[in-house]
There are 2 protein chains.
Amino acid sequence: MADIKSSANPLFLREEELRQGIELLFYAYRDFTSDPDSILADYGLGRAHHRVLHFVGRNPKISVAELLGILRITKQSLSRVLTTLLEMGLVQQRQGTRDRRQRLLSLTEKGAELERRLSAVQQARVARAYREAGAEAVAGYRKVLQGLIDEHEREKILQSIVRR
Amino acid sequence: MADIKSSANPLFLREEELRQGIELLFYAYRDFTSDPDSILADYGLGRAHHRVLHFVGRNPKISVAELLGILRITKQSLSRVLTTLLEMGLVQQRQGTRDRRQRLLSLTEKGAELERRLSAVQQARVARAYREAGAEAVAGYRKVLQGLIDEHEREKILQSIVRR
DNA sequence: ACTTTATGTCAGCCATGTTGACATATATCG
DNA sequence: CGATATATGTCAACATGGCTGACATAAAGT
């Protein structure tokens with residue numbers, strides 16, 4: 001059924017559609033990030049630790065500078081969570097061989113284990129959404145999310161997601 | 001443009017693909033939320049204020065309890081930002097007529113103006129992503145995001161997004 | 001040798017979330 | 001009517017995780 005507004009006032013509908021896209025993203029992200037919290041609480045950790053575990057897990061031997069670039073936080077902020085993770089034996093540092101100033105970060109076996117537990121609950125949610133929506137919708141989801149990423153960084157980020 | 005491989009076969013729920021879906025959501029949300037910050041800074045406001053402006057704007061005469069339910073924060077947390085917004089004349093309260101205990105919230109004209117400025121930059125980003133991805137991708141994006149929302153709340157949330 | 005880079009650390013501040021306790025006005029129920 | 005439940009507000013204390021600024025060290029690069 002054609003809505004009279006779509007021909008009479010296309011701008012209104014366009015804005016309405018955009019607002020819906022914005023709110024959907026808000027709610028989806030809100031619920032998506034809530035999953036791992038109870039697991040983290042068992043360890044006395046927060047979302048900041050989760051993000052570090054995730055990206056170190058995905059990028060073994062990542063340098064501190066690279067990690068800072070991904071997380072978009074200051075080294076002082078990272079320091080707090082990273083120190084905790086190192087002390088808990090979840091992350092390990094090794095001096096870079098090519099550049100010995102670098103402290104390359106990797107998960108320990110214990111860290112990898114926790115990371116898998118955290119991923120598992122998030123993956124379960126995404127898997128369910130993918131399954132319900134179907135492969136074609138998944139392709140659209142990815143296409144739009146890619147377009148939401150800052151243009152001047154998009155290429156680099158997409159490569160970091162796909163490589164390995 | 002780097003292409004994230006999407007397979008059409010029924011094994012598309014591979015862990016690697018799920019991980020990509022998770023990271024894309026992280027990056028997209030990170031950049032998506034970064035847009036309004038500079039505008040808010042001009043007013044000495046933060047993201048918490050933005051969320052209130054957004055949802056009050058979308059739900060005029062919303063009760064405090066309803067707003068708390070959407071934001072999933074405590075009334076004490078809301079109190080801080082709401083008090084600021086009231087003092088700045090961006091939000092107004094009016095006693096409910098049906099239930100006079102309620103303080104129904106709406107944007108003032110000044111608040112609506114700021115809200116439009118904030119929406120504008122986010123809408124621009126979403127509009128660009130939609131345009132680049134195409135209508136079919138947008139449908140998939142929405143379908144997957146809906147699936148990511150907590151199941152027991154999904155219906156209620158979708159109605160609140162679509163109605164009006 | 002000098003400069004730049006990668007990293008660490010100390011100190012303090014701010015925004016925004018939490019819990020717990022208690023107050024008030026109004027609605028609703030027996 | 002009186003008792004209880006509900007919607008909201010407020011005070012106080014605390015936690016997390018951002019931020020800036022200043023300064024230190026080791027190693028790399030010129």
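Because the structure is a prediction, the values reported are computed rather than measured. Each chain gets a letter, A, B and so on, in the order the sequences are listed, and its residues count up from 1. Below, each value reflects all heavy atoms present in this structure, side chains not excepted, and no hydrogens, waters or symmetry copies.
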Item to check | Trace of the side chain to side chain contact (heavy atoms under 4.5 Å, CB included) decision for A/Thr84 with A/His49 | outcome: CA-CA 9 Å; A/Thr84 304; A/His49 303 94; 4.0 Å; yes

Item to check | OP1 or OP2 of C/dT18 under 4.0 Å from side-chain N/O of B/Ser77 | outcome: yes

Checklist entry - Within this structure, what is the CG-to-C1' distance between B/Leu68 and C/dT16, rounded to whole angstrom? => result 14 Å

Checklist outcome for this item: Atom CZ of A/Arg98 and atom P of C/dA6 are separated, to the nearest Å, by 11 Å

Next on the checklist: For the CD atom on A/Glu153, are there more than 12 heavy atoms of other groups (residues, nucleotides or ligands in this structure) within a distance under 6.0 Å?
Outcome noted: yes

Checklist outcome for this item: Of all heavy-atom pairs linking B/Leu18 and A/Val126, the shortest is CD2-CG1, 3.8 Å

Item to check | Atom pair distance, as rounded to whole Å: CG in B/Leu104 and P in C/dT26 | outcome: 14 Å

Item to check | Under-3.5 Å donor-acceptor pair between B/Gln93 side chain and D/dG9 base | outcome: no

Checklist entry - Considering only D/dC19, C/dT19, C/dT5, which nucleotide approaches the side chain of A/Arg101 most closely? => result C/dT5

Checklist outcome for this item: Heavy atoms of A/Arg58 and B/Gln20 approach each other most closely as NH2-CG, 4.3 Å

Checklist entry - Between B/Arg100 and C/dA27, does any side-chain N or O lie under 4.0 Å from OP1 or OP2? => result yes

Item to check | Nucleotide D/dG9, atom P - distance to CG of B/Leu67 in whole Å | outcome: 11 Å

Item to check | Gap separating the CD atom of A/Glu115 from the CG atom of A/Leu107, nearest 0.5 angstrom | outcome: 6.5 Å

Item to check | Whole-Å gap separating P (D/dC11) and CZ (B/Arg80) | outcome: 13 Å

Next on the checklist: Nearest whole Å is fine: how far is D/dG18 C1' from A/Leu82 CG?
Outcome noted: 16 Å

Checklist entry - In residues 43-51 of chain A, which residues come under 4.0 Å of DNA chain D by heavy atom? => result A/Gly46, A/Arg47, A/Ala48, A/His49, A/Arg51

Next on the checklist: How about CZ on A/Arg128, more than 12 heavy atoms from neighbouring residues, nucleotides or ligands closer than 6.0 Å, or not?
Outcome noted: yes

Next on the checklist: Nearest whole Å is fine: how far is C/dT5 P from A/Glu66 CD?
Outcome noted: 17 Å

Next on the checklist: Under the criterion ring-ring contact (aromatic ring centres under 6.0 Å, His included), I'd like the reasoning laid out for B/Phe26 against A/Phe55: C-alpha separation, chi angles, the key distance, then a yes or no.
Outcome noted: CA-CA 11 Å; B/Phe26 168 81; A/Phe55 286 105; 5.0 Å; yes

Next on the checklist: Both B/Ala65 and A/Leu78 contact DNA chain D. Which one's nearest nucleotide lies toward the 5' end?
Outcome noted: B/Ala65

Checklist entry - Which pairs pass ring pair (Phe, Tyr, Trp, His ring centres under 6.0 Å) with one or both residues in residues 131-150 of chain B, sequence neighbours excluded? => result B/Tyr130-B/Tyr141

Next on the checklist: Let's test your reading of the model: under 3.5 Å, does the base of D/dG21 pair with the side chain of A/Gln76 as donor and acceptor?
Outcome noted: yes

Next on the checklist: Rounding to an integer number of Å, can you tell me how far B/Gln102 CD sits from D/dG9 P?
Outcome noted: 11 Å

Item to check | Under-4.0 Å side-chain N/O to phosphate OP1/OP2 contact, B/Thr74 with C/dT18 | outcome: yes

Item to check | Verdict with reasoning, A/Arg94 to A/Lys61, per side chain to side chain contact (heavy atoms under 4.5 Å, CB included) | outcome: CA-CA 8 Å; A/Arg94 271 173 24 205; A/Lys61 298 195 181 175; 3.6 Å; yes

Checklist entry - Would you say B/Phe32 and B/Ile22 are hydrophobically clustered, going by side-chain heavy atoms of ILVMFWY under 4.5 Å? => result yes

Item to check | Overall bend - the helix from C/dA1-D/dT30 to C/dG30-D/dC1, comparing terminal axes fitted on five pairs, nearest 10 degrees | outcome: 30°

